[in-house]
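Everything on this sheet refers to the single structure shown next.
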Amino acid sequence: MTTGEKLALLRKRKGMTQEELSAQLGVSRQSVSKWEMDVSFPETDKLIKLSKLYECSIDYLLSDGSKETAEVKAGLSVQDAYLFVRECGYFFLATSVDDQPRLRPFGMIYEKNNTLFIATDKRKQVYAELQKNPKVELASYNPGTRKWIRMSGRAEIEDSRPMREEMMNAYSNLRGAYQNKEEMYLAIYRLQMDNICIR
């Protein structure tokens, strides 16, 4: 993992935009963008500030070894994964039924309290597949950073009315599609992720 990739990941983990970080460091947003794309390199005083802000060593930011890469991967949170997927704008969901993998694109994903949620329709094949085998994998690719995220875990039905409302508020097309009687077909799944990896 390059210094730029680490800087981008650590900034997102802090929940900061490039603009917010640039204001805090007294540099332009373009400077932050160039650092994160490995086009240019932060000056020494900025590296010191970044290491304090991100609570890591300067050695960690500058090194490119496998130990440090594993350290960042191990520290990935569900919120990191959610932000990565939202930046991509889509993800692929893989299910397995009768020992056969099935892959399809998805767009709606939501995060709350370090848990991911997805929505589907009870009349769709994916719903039947998840009822038979709740094991899933999610993957998404960001062409800007040329990085993949892969996650694996289990999908469990989420029946709570508040979560249905939150999903509908987050995705207005859900509210439009599932009104009145149609709402009985909306299925929300809570994803229990066992493994999250960005490569």
Side-chain angles (χ1 to χ4, degrees), residues 1 5 8-10 12-15 66 68-143 145-179 181-199:
M1 185 175 282
E5 290 165 345
L9 184 61
L10 292 167
K12 289 173 186 174
R13 190 176 293 168
K14 282 285 185 182
S66 58
E68 290 76 17
T69 301
E71 197 175 295
V72 171
K73 288 178 183 175
L76 288 173
S77 69
V78 168
Q79 189 174 42
D80 294 329
Y82 172 71
L83 292 172
F84 186 102
V85 172
R86 290 291 291 176
E87 192 172 318
C88 295
Y90 72 98
F91 63 97
F92 291 96
L93 177 75
T95 59
S96 178
V97 177
D98 300 325
D99 208 28
Q100 292 295 314
R102 301 240 170 84
L103 186 69
R104 79 266 299 152
F106 258 69
M108 291 179 279
I109 191 164
Y110 186 73
E111 185 270 337
K112 183 176 183 181
N113 297 331
N114 217 32
T115 303
L116 295 175
F117 299 87
I118 59 171
T120 190
D121 191 298
K122 292 180 181 177
R123 297 166 287 190
K124 291 188 176 179
Q125 183 66 30
V126 65
Y127 177 78
E129 291 170 7
L130 289 173
Q131 292 300 101
K132 288 181 184 177
N133 185 347
K135 291 183 180 177
V136 294
E137 281 199 359
L138 280 73
S140 193
Y141 178 70
N142 187 325
T145 62
R146 292 182 286 174
K147 293 288 179 185
W148 278 95
I149 188 168
R150 291 191 65 184
M151 299 178 269
S152 59
R154 299 172 59 85
E156 301 170 357
I157 281 286
E158 172 62 50
D159 285 328
S160 75
R161 184 74 194 169
M163 183 48 61
R164 290 169 75 88
E165 284 298 315
E166 285 193 45
M167 283 289 286
M168 287 183 168
N169 289 337
Y171 293 97
S172 57
N173 56 330
L174 278 181
R175 190 171 298 282
Y178 296 98
Q179 294 181 2
K181 194 169 70 173
E182 292 293 307
E183 193 179 339
M184 68 183 197
Y185 295 113
L186 176 62
I188 307 292
Y189 280 94
R190 178 177 60 254
L191 303 179
Q192 301 296 333
M193 295 290 96
D194 301 321
N195 186 41
I196 300 172
C197 181
I198 293 177
R199 297 182 192 274

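By the 4.5 Å heavy-atom criterion applied to side chains, E111 and R86 are not counted as neighbours. Proximity of R150 to N195: side-chain heavy atoms (C-beta onward) are nowhere separated by under 4.5 Å. Using a 4.5 Å cut-off on side-chain heavy atoms (C-beta onward), R146 and Y141 make contact. A 4.5 Å side-chain heavy-atom check between Y189 and V136 finds every atom pair outside the cut-off. Using a 4.5 Å heavy-atom cutoff, the side chains of Y90 and S140 are in contact. Counting only heavy atoms from C-beta outward, the side chains of L186 and M168 approach each other to under 4.5 Å. Inter-residue side-chain proximity for R175 and N169 is flagged as met; some heavy-atom pair is nearer than 4.5 Å. A heavy-atom distance below 4.5 Å is not found between the side chains of T95 and N133.
Taking every heavy atom of both residues into account, D194 and G153 meet most closely at OD2-CA, 3.7 Å. Smallest separation of non-hydrogen atoms from L93 and F106: CD2-CE1, 3.6 Å.
Between the D80 side chain and the S77 main chain, a donor and an acceptor come within less than 3.5 Å of each other. Side-chain atoms of D98 never come within 3.5 Å of backbone atoms of Q100 as a donor-acceptor pair (strictly under, hydrogens ignored). The closest donor-acceptor contact from the side chain of Y82 to the backbone of T115 lies at 3.5 Å or more, if one exists at all. Remark: the backbone N or O of E129 is not paired with any side-chain donor or acceptor of R102 at under 3.5 angstrom.
By the 30° and 60° cut-offs, the orientation of the rings of F117 relative to Y110 is tilted.
Within a 6.0 Å radius of NZ in K135, other residues, nucleotides and ligands contribute 12 heavy atoms or fewer. With a 6.0 Å radius and a threshold of 12 heavy atoms from other residues, nucleotides or ligands, K122 has its NZ atom above the threshold.
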Dump the intermediate steps for side chain to side chain contact (heavy atoms under 4.5 Å, CB included) on E158 and M167, then the final yes or no. CA-CA 11 Å; E158 172 62 50; M167 283 289 286; over 6 Å; no

